[in-house]
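Some notes on the structure that comes next.
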Amino acid sequence: MALRIFNTLTRQKEELVPLQPGRVNMYVCGPTVYDLPHIGHAKSYVSFDGVVRYLRHRGYDVLYVQNITDVGHLTDDADEGEDKVLRRARERRIQPMVLVEYYMREYFRCLDALNVLRPDISPRATGHIPEMIDLIQRLIEEGHAYVAEGNVYFDVTSFPQYGKLSHRRLDEQEMGRRVGLTAGKRHPADFALWKAADPSHIMRWNSPWGPGYPGWHIECSAMSMKYLGETFDIHGAGVDNLFPHNEDEVAQSEAAIHRPFARIWMHNGTVLVDGEKMSKSKGNFVTIDEGIQRHGAMRLRFYVMNSHYRSPLGYTDAAVAEAGRAFERLQIAVQSAARYRQLPAAPGGDAEAGALRAQIERHRQAFYEAMDDDFNTPAALAALFGLATEMNRVTAAPSASVALQEAVGQASQTLLELGEVLGLDFRPPAPAADDLVPRLVELLLSLRQSLRQQKNYAAADEIRFRLQELGIIVEDRPEGPTWRRAAG
RNA sequence: GGCGGCGUGGCCAAGUGGUAAGGCAAGAGUCUGCAAAACUCUGAUCAGCGGUUCGAUUCCGCUCGCCGCCUCCA
């Protein structure tokens, strides 16, 4: 069974054939760390986390690199804008590196909370200035870049394939309509590899062209090729980076190395708010912290996984809450399985156990088929729901058999294992060893049982309602009461 | 103006040339002291109009609506 991925370059699903068998080298454009990460970042990095996790689950040795942009990302037009980091730092009257350090840590903290695995390497742009200068020099020597007043620009006309990733033609764009040609630039689409900086500019480095700082696009080329090799397997990013950022990456990289840069390009859909893209510059964003606070990290993650990575995702709190209830269904299935396995068991049940095992296998295959088809996580989740239903059918019974308990255990294990491939954890949070809550709840429930036996239902219900107010949901089952923590 | 995408039951969301996964919500039933959870059952002809085809929601064309990119953004 082959794993197929939609490649933006060819606009088709292609089989993943890594350059080195068994190994996948993958790069994803990381954040510019000048503000808090929001739900848009969550979607992107959760999605690519799912990609990495699934590739590893399939046995690939994945080397995952994701940059941290801490210099060179301009606020506006590539020629007239101001460095985002610099501007924010000036507004707050702190050093740029203090700002960067702070938001980089926030970024990792938030994504850790969403159970996103950290990249193997998180290279920072400011730590790779020499690599960028080397690459720029190579481009100048090859006739693909030119110097103008201390700036270095990439000459897009020197790279005939320019536009092949985003499938645009230069002459069809409205480029330069507003600003026209900046001094020294030969073509409106030429982009800065290196920007000259005057002494008032805090972040600047010496270069063969004078003091300055790198353009935004060059860092991704320099750092990906440094750690993954000049040609590597997968490059991911949000679609909003397709043009010009990724296009420029392809141009400057392939102009320098004369062979393919990234082989498969994956692009993630954007998050929309009220029909508009959520973005830092628009200010219409919900931060990851706010999202987690409102819905919980796992539910937020589930929400992201419940739509396809390439689809746009319309964020509303109602939709996340709804996804949260779906997530709860899987949690309850796992919890019911655990309870079922505690029941006194009669011998036998082999036939039913065999049937359940067949269902486990069926749904596992469905999960793999879905993920193999361009990481179709909604379809993969549907397989998990199918498995959960099979489990519930069995565990709803008041009596258990030895063989079925065994099979239910396997089903539960499978559900947890495949959930983990998506970075989802369906287990109830384990209470701390010194947590009195479980013991106190058990105590109340045993008192309540006595009341129920005395048919004092008013008092029994009172206990149940009061517990519910505290976030404890009580459920009476034939074999006795059970409880769980409420969602959120 | 160019390029790309989207419009699937009340809501979220997959998908296929042969009469539409899954989830949430809703209704009915089973279970329960009552609930809750679970289980069973019920519901869409896929924006509109044409065309290709034995047959299209899925392919093509047009129309309408929405979105993204073309300037920063995951």
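So you know, we letter chains A, B, ... as the sequences are listed, proteins then strands, and number each from 1. Values in this document were obtained by computation on a predicted structure and should not be read as measured data.
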Could you give the distance separating B:C11 and B:U30 at their C1' atoms, to the nearest angstrom?
-> 28 Å
Indicate whether OP1 or OP2 belonging to B:A25 is found under 4.0 Å from a side-chain N or O atom of A:R325.
-> yes
Nearest listed nucleotide, side chain of A:H167, among B:C3, B:A74, B:A25 = B:C3
Consider the side chain of A:I473, meaning its heavy atoms from C-beta on, and name the nucleotide among B:G68, B:G33, B:A36 that approaches it most closely.
-> B:A36
Quick test: give all pairs of protein nitrogen or oxygen and nucleotides 39-43 of chain B nitrogen or oxygen below 3.5 Å, distance rounded to 0.1 Å.
{"residue": "B:C39", "atom": "OP1", "partner": "A:R329", "partner atom": "NH2", "Å": "3.2"}
{"residue": "B:C39", "atom": "OP1", "partner": "A:N392", "partner atom": "ND2", "Å": "3.3"}
{"residue": "B:C39", "atom": "OP2", "partner": "A:R329", "partner atom": "NH1", "Å": "3.2"}
{"residue": "B:U40", "atom": "OP1", "partner": "A:R393", "partner atom": "NE", "Å": "2.8"}
{"residue": "B:U40", "atom": "OP1", "partner": "A:R393", "partner atom": "NH2", "Å": "2.3"}

Under 4.0 Å between a side-chain N or O of A:K277 and OP1 or OP2 of B:A74?
-> no
B:G65 pairs with, by Watson-Crick or G-U criteria that keep both distances under 3.5 Å | B:C6
Ignoring the backbone of A:S307, work out which of B:C34, B:A74, B:A14 is nearest its side chain.
-> B:A14
Who is the Watson-Crick or G-U wobble partner of B:A14, with both distances under 3.5 Å?
-> none
Looking only at side-chain N and O atoms, does A:K282 come under 4.0 Å of OP1 or OP2 in B:G68?
-> yes
Across the strands shown, which category fits A:P31 at heavy-atom distances under 4.0 angstrom: base, sugar-phosphate, nothing?
-> sugar-phosphate
Ring centroid separation A:F232 to A:F261 under 6.0 Å | yes
Donor-acceptor list for residues 234-246 of chain A side chains, cut-off 3.5 Å, not counting sequence neighbours:
{"residue": "A:D240", "atom": "OD2", "partner": "A:K277", "partner atom": "NZ", "Å": "3.4"}
{"residue": "A:H245", "atom": "ND1", "partner": "A:H217", "partner atom": "ND1", "Å": "2.9"}
{"residue": "A:H245", "atom": "NE2", "partner": "A:E249", "partner atom": "OE2", "Å": "3.4"}
{"residue": "A:N246", "atom": "OD1", "partner": "A:H267", "partner atom": "NE2", "Å": "2.7"}
{"residue": "A:N246", "atom": "ND2", "partner": "A:E249", "partner atom": "OE2", "Å": "2.9"}

Does A:R53 pair with A:D49 as a salt bridge, N-O distance under 4.0 Å?
-> yes
Do A:R90 and A:I202 come close enough that some side-chain heavy atom pair is under 4.5 Å?
-> no
Tell me which nucleotide among B:A74, B:C24, B:A14 gets nearest to the side chain of A:A379.
-> B:A14
Measure up the A:Y45 and A:H41 rings against each other and bin them: parallel (under 30°), tilted (30 to 60°), perpendicular (over 60°).
-> parallel
Report yes if at least one side-chain N or O of A:R11 is closer than 4.0 Å to OP1 or OP2 of B:G4; otherwise report no.
-> yes
Distance between the P atoms of B:A21 and B:U53, in whole angstroms?
-> 29 Å
Distance-only check: which donor-acceptor pairs under 3.5 Å involve side-chain atoms of residues 355-363 of chain A, not counting sequence neighbours?
{"residue": "A:R357", "atom": "NE", "partner": "A:Q410", "partner atom": "OE1", "Å": "3.1"}
{"residue": "A:Q359", "atom": "OE1", "partner": "A:R362", "partner atom": "NH1", "Å": "2.3"}
{"residue": "A:E361", "atom": "OE2", "partner": "A:Q365", "partner atom": "NE2", "Å": "3.1"}
{"residue": "A:H363", "atom": "ND1", "partner": "A:Q359", "partner atom": "O", "Å": "3.0"}

In whole Å, what separates the C1' atom of B:U71 from that of B:G65?
-> 27 Å
A:Y457 over B:G33, stacked by centroid distance under 5.5 Å, angle under 30° = yes
In the strands shown, is B:C31 matched to any nucleotide by a Watson-Crick or G-U wobble pair with both distances under 3.5 Å, and which?
-> none
Report yes if a side-chain nitrogen or oxygen of A:N306 is closer than 4.0 Å to either non-bridging phosphate oxygen (OP1 or OP2) of B:G22; otherwise report no.
-> no
Does A:R124 pair with A:E219 as a salt bridge, N-O distance under 4.0 Å?
-> no
Of the candidates B:C12, B:A74, B:G2, the side chain of A:R168 sits closest to B:G2
